[in-house]
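Below: the structure, in structure tokens.
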Amino acid sequence: MDYRLLLLILPPMEFIIEAVVKAVKELYQTDIAAKDVNLQETRKEFEGQVTLVTFPYTKVSRKGPEQTGGEIGEYLKENVAEISGFNVVKGFLNLSFSDGFWLDKLKGEIALDDFAVAVPNSKKVMVEYSSPNTNKPLHLGHIRNNLLGFSVAQILDAAGYEVIKTNLVNDRGIHICKSMLAWQRFGNDETPESAAIKGDHLVGKYYVMFESKMREQLKPILSAVYDDGDLSAFTDIQKPKVQALLSNIAKLKDLVVQTPDNNTKALNDLNAKIAADEDKVKEIAKTATELMQQAQQMLQKWEAGDAETIKLWEIMNGWVYAGFAETYKSLGVAFDKFYYESNTYLLGKDTVEEGLASGVFFKKEDGSVWIDLTADGLDQKLVLRADGTSVYITQDIGTAQLKYDDFKMDESIYVVGNEQDYHFKVLFLILEKLGKSWAKGLYHLSYGMVDLPSGKMKSREGTVVDADDLMADMYKTAADTTEEMGKVEGLSEEEKDKLFRTIGMGALKYFLLKVDPKKRLLFDPKESIDFQGHTGPFIQYTHARVKSVLSKAGYNAETSTSDVETLGAAERDLIVLLSKFPQTIQDAAATHSPAVIANYVYEVAKNYNKFYHENPIMQAETESLKQFRLQLSAATAKVINKGMGLLGIDVPERM
RNA sequence: GGUCUCAUAGCUCAGCUGGAUAGAGCAACAGAUUUCUAAUCUGUCGGUCUCAGGUUCGAAUCCUGAUGAGAUCACCA
């Protein structure tokens with residue numbers, strides 16, 4: 001974490017900046033802007049807490065950096081009461097604040113109940129996250145999404161926003177019909193109760209079944225195509241497309257033959273292209289399977305409001321929702337408002353009409369409606385089919401409008417994977433071109449995919465890491481580890497259960513949230529998530545340890561008094577770090593990054609552990625010193641608790 | 001092919017609106033508990049910050065190019 005910016009805008013540092021401006025003016029008769037005062041955190045190996053970079057002033061001082069630094073340092077020491085000393089290393093002026101300054105900070109700010117409680121900024125922000133499909137259970141990728149969304153919402157709330165958490169459930173469409181059809185055909189009236197399976201997993205089972213049965217039907221079609229050149233399975237519209245793909249594949253294969261064996265790069269490229277075209281053929285062939293056609297028919301029935309289809313859809317979605325509710329509860333995430341695509345999928349058409357009238361969109365000969373974004377470096381994009389039906393982006397245009405009409409929020413954040421970067425670029429641009437005043441408040445929180453060592457998770461290869469399984473694994477690991485360490489003495493079954501859950505989820509959540517959201521994340525199922533080092537349990541343990549000391553000492557914040565005037569190094573470092581919490585929250589909010597909080601809380605825990613090791617608390621030399629160290633400990637526990645809370649992670653009183 | 005993202009220690013990651021000798025954790029090795037919880041602490045080992053140019057007093061950080069990895073370019077969602 002880079003705290004330079006933070007120091008610049010941290011209110012308590014303003015007086016230093018002002019003093020530097022004044023110093024340069026008086027010493028060198030030159031006016032400099034406050035934003036040109038380059039303050040940063042002093043590196044560990046030097047004395048001091050704040051460092052002024054003095055290279056920029058050598059021009060106006062016409063002296064070497066060391067001498068310039070010395071002069072400014074002398075001036076600051078004389079004129080700023082809080083600065084007790086300084087040292088100069090090359091172009092760096094390291095400033096030491098008096099211990100009294102830091103002690104005041106602890107007592108007058110950090111220890112108070114309203115520390116890091118932001119004043120409301122009277123802005124409203126919506127965070128849409130999770131947004132699952134109702135045909136499959138959630139997996140590790142969804143966990144990342146859910147934790148990110150929930151945490152970002154917590155952080156924004158702590159930063160002063162009014163937050164609305166929403167979930168746009170993708171509850172309709174061809175993928176749901178696949179599960180429905182497979183259940184209808186092969187299910188034998190199986191229910192979550194009769195099968196003793198969670199509802200979402202049961203529905204997922206039929207989705208998988210559909211795919212595998214459909215694949216069986218695909219084989220003869222494909223072998224007819226490739227072995228006999230028989231295209232009779234396709235419609236007249238599809239035939240020429242397939243024909244074109246096949247001849248392209250043949251051409252590419254010729255090229256492969258002509259390419260020398262040692263040119264592996266060219267061969268790989270060619271083979272990738274062949275595979276891509278073969279995939280396209282396969283996609284078209286899928287639509288020719290009997291099961292796919294039945295599923296399509298079912299979708300049409302659903303859209304027509306066919307009573308029987310709707311009934312089945314409601315039953316199966318009900319199973320899924322019950323399953324999701326359980327998973328959400330385990331994850332500790334929640335929502336203020338649910339939107340369902342079954343209600344919103346027809347939205348957006350009137351907005352398209354608007355855009356057509358205003359000339360933002362144009363109609364092609366076949367009646368389909370498009371927008372031309374080539375001037376913005378993007379492509380042409382279809383927004384309404386020739387038959388007047390919606391596509392994905394049409395719905396999103398409509399849903400964006402609906403959300404704004406519902407809440408009139410200043411900002412709206414979509415927590416969606418980076419595979420949809422292009423989609424959101426287009427969506428936001430369209431809304432802007434439509435003249436929506438709120439379009440500038442839209443933000444795509446694009447996060448990286450969760451990959452396995454083998455690459456992407458693939459359901460077909462059974463490498464999908466199921467959310468419920470993973471959480472159960474974490475619980476078990478937490479339980480085993482804790483028991484092994486003999487830390488469960490005197491705990492009731494209920495307390496143990498709660499503790500294992502807290503630790504297991506803490507490890508998992510921290511593991512996923514400590515990484516910058518936009519980066520892809522590697523998860524190795526073979527290596528269990530660590531409980532030591534830079535981990536959730538490490539921080540939880542630190543908290544438990546603080547709490548243990550506080551209770552053993554019978555610490556009472558109301559009555560505790562102390563008159564210590566000087567600080568040890570570890571104590572001072574800890575206070576300096578704690579004082580940065582409010583600004584860290586603002587920074588995390590501005591960058592939409594829980595990782596900022598995660599790394600900060602880790603620093604706090606690490607610093608506390610160092611302090612704890614070096615300084616006796618109960619056996620401190622004086623009662624006053626003991627009380628001071630307890631106050632510092634209590635403040636640390638509070639920051640850890642609150643910081644972890646922003647990540648959706650609980651901290652135990654003992655572990 | 002066009003566009004976008006990423007590349008830092010053996011591994012997983014910080015650091016990136018330009019500043020000091022690039023930091024953690026894991027792994028490996030060596031230590032610390034008569035004292036508040038050893039899920040801890042201390043130390044050792046480990047780096048051409050992918051490469052090549054450029055801007056600058058100063059570049060892991062900014063710019064250009066190359067290489068490698070991923071995503072995307074559907075009348076799917």
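Just so we're on the same page: letters track the sequence lines, and every chain starts at 1.
- On a pure distance criterion of 3.5 Å, a polar donor-acceptor pair joins the side chain of Asp366(A) and the base of C75(B).
- The listed nucleotides are G25(B), A39(B), C13(B); the one nearest the side chain of Ile503(A) is A39(B).
- Residue side chain Phe46(A) meets the stacking definition with respect to A20(B): its ring centre sits within less than 5.5 angstrom of the base's six-membered ring centre, and the planes differ by less than 30 degrees.
- For Asn609(A) against A39(B), a side-chain-to-base donor-acceptor contact under 3.5 Å is absent.
- For Glu341(A), the side-chain atoms get nearest to A77(B) when compared with the rest of A77(B), A14(B), G25(B).
- With P as the reference atom, C62(B) and A74(B) are 31 Å apart, rounded to whole Å.
- In terms of phosphate contacts, Lys425(A) brings no side-chain nitrogen or oxygen within less than 4.0 Å of OP1 or OP2 of C73(B).
- Using a 4.0 Å heavy-atom distance criterion, Phe511(A) is classed as making no nucleic acid contact.
- A salt bridge links Glu283(A) with Lys286(A): at least one charged nitrogen is closer than 4.0 Å to a carboxylate oxygen.
- Of the nucleotides present, none pairs with A74(B) by Watson-Crick or G-U wobble criteria with both distances under 3.5 Å.
- Taking atom NZ of residue Lys514(A) and atom P of nucleotide G15(B), one finds them 13 Å apart after rounding to whole Å.
- Mapped onto RNA chain B by nearest heavy atom, Pro616(A) and Pro56(A) fall at different nucleotides, with Pro56(A) at the one closer to the 5' end.
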Val546(A) vs Tyr612(A), test: side-chain contact (heavy atoms from CB on, under 4.5 Å). Steps then yes/no. CA-CA 9 Å; Val546(A) 178; Tyr612(A) 176 92; over 6 Å; no
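- Residue Lys381(A) contributes atom NZ, which lies 7 Å from atom P of A74(B) at whole-angstrom precision.
- A distance cut-off of 5.5 Å between ring centres, combined with a plane angle under 30°, leaves Phe538(A) outside any stacking arrangement with the base of A39(B).
- Rounded to an integer number of Å, the gap from Glu303(A) CD to A77(B) P is 10 Å.
- Looking at Thr542(A), its side chain has no donor and acceptor atom pair within 3.5 Å of the base of A39(B).
- Listed nucleotides U40(B), A20(B), G19(B) differ in distance to Arg545(A); the shortest reach to its side chain belongs to U40(B).
- Checked against C36(B), A32(B), C26(B), the side chain of Gln532(A) finds its nearest nucleotide in C26(B).
- Contacts of His534(A) with the nucleic acid, taken as non-hydrogen atoms under 4.0 Å apart, involve only primed sugar atoms and P, OP1 or OP2.
- Of all nucleotides listed (C76(B), A77(B), A14(B)), A77(B) comes nearest to the side chain of Asn170(A).
- Nucleotides of RNA chain B nearest to Tyr422(A) and Val53(A) differ in position, and the one nearer the 5' end is that of Val53(A).
- Of the candidates C36(B), A77(B), C26(B), A77(B) carries the atom nearest the Tyr392(A) side chain, counting heavy atoms from C-beta on.
- Looking at heavy-atom distances under 4.0 Å, Lys610(A) makes contact with sugar-phosphate atoms alone, never a base.
- Atom CD1 of Ile640(A) is separated from atom P of U40(B) by 13 Å (rounded to the nearest Å).
- Note on Asn615(A): a base of the nucleic acid sits closer than 4.0 angstrom, heavy atoms only.
- If you check every strand for non-hydrogen atoms under 4.0 Å, Val515(A) touches sugar and phosphate atoms only.
- Without hydrogens or angle criteria, Asp171(A) side chain to Ser342(A) main chain gives a donor-acceptor distance under 3.5 Å.
- Checking A38(B), G19(B), A39(B) against the side-chain heavy atoms of Gln40(A) singles out G19(B) as nearest.
- In this structure, C49(B) makes no Watson-Crick or G-U wobble pair, since no nucleotide meets both defining distances under 3.5 angstrom.
- Look at U12(B): its Watson-Crick or wobble partner, with both distances under 3.5 angstrom, is A24(B).
- A salt bridge links Lys476(A) with Asp480(A): the distance from a Lys NZ or Arg NE/NH1/NH2 to an Asp or Glu carboxylate oxygen falls below 4.0 Å.
- Within the 4.0 angstrom heavy-atom criterion, only backbone atoms of the sugar-phosphate kind lie near Asp516(A); the bases stay farther away.
- Comparing C26(B), C75(B), A71(B) by their closest approach to the side chain of Asp530(A) singles out C26(B).
- Aromatic ring centres of Phe611(A) and Tyr608(A): separated by under 6.0 Å.
- In this structure, Met449(A) reaches neither bases nor backbone, as no heavy-atom distance under 4.0 Å exists between it and the strands shown.
- In this pair, Phe55(A) lays its aromatic ring flat on the base of G19(B), centres within 5.5 Å and planes under 30 degrees apart.
- With both pairing distances under 3.5 Å, C36(B) is matched to nothing as a Watson-Crick or G-U wobble pair.
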Applying side-chain contact (heavy atoms from CB on, under 4.5 Å), run through Tyr602(A) and Lys514(A) and close with a yes or a no. CA-CA 10 Å; Tyr602(A) 171 65; Lys514(A) 77 170 174 181; over 6 Å; no
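- With distances taken from any side-chain atom of Lys90(A) to the nucleotides G25(B), U40(B), U21(B), the minimum falls on U21(B).
- What separates NE2 of His423(A) from P of C73(B) is a distance of 11 Å, to the nearest Å.
- When the C1' atom of C4(B) is taken as reference, atom CG of Leu373(A) falls 16 Å away, rounded to whole Å.
- You won't find any donor-acceptor pair under 3.5 Å spanning the side chain of Thr535(A) and the base of A39(B), going by distance alone.
- The phosphate of A7(B) has neither OP1 nor OP2 within less than 4.0 Å of any side-chain N or O from Arg520(A).
- The nucleotide C62(B) finds its pairing partner in G54(B), both defining distances of the Watson-Crick or G-U wobble pair being shorter than 3.5 Å.
- Shown here, C29(B) forms a base pair with G43(B); the pair counts as Watson-Crick or G-U wobble because both key distances fall under 3.5 Å.
- Using a 4.0 Å heavy-atom criterion, one finds that Asn94(A) contacts the bases of the nucleic acid, with or without backbone contacts as well.
- At least one donor-acceptor pair under 3.5 Å links the side chain of Thr399(A) to the backbone N or O of Gln395(A).
- The side chain of Arg43(A) places an N or O atom within less than 4.0 Å of a non-bridging phosphate oxygen (OP1 or OP2) of G23(B).
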Test side-chain contact (heavy atoms from CB on, under 4.5 Å) on Asn418(A) and Met449(A) and set out the steps. CA-CA 7 Å; Asn418(A) 63 11; Met449(A) 298 288 103; 4.1 Å; yes
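- One finds no side-chain N or O of Lys519(A) lying less than 4.0 angstrom from the OP1 or OP2 phosphate oxygen of U5(B).
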Begin from the C-alpha positions of Leu140(A) and Leu512(A) and carry the test side-chain contact (heavy atoms from CB on, under 4.5 Å) through to its verdict. CA-CA 10 Å; Leu140(A) 180 52; Leu512(A) 294 173; 4.2 Å; yes
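- Atom OH of Tyr510(A) and atom P of G25(B) are 12 Å apart (whole Å).
- The side chain of Lys456(A) approaches A71(B) more closely than any other nucleotide in the set C41(B), G25(B), A71(B).
- Rounded to an integer number of Å, the gap from CG of Leu521(A) to C1' of A71(B) is 16 Å.
- By the neighbour-count criterion of 12 heavy atoms within 6.0 Å, atom NZ of Lys273(A) is sparsely surrounded, having that number or fewer from other residues, nucleotides or ligands.
- Among the heavy atoms of the strands, none lies under 4.0 Å from Ala553(A).
- Looking at heavy-atom distances under 4.0 Å, Leu522(A) makes contact with sugar-phosphate atoms alone, never a base.
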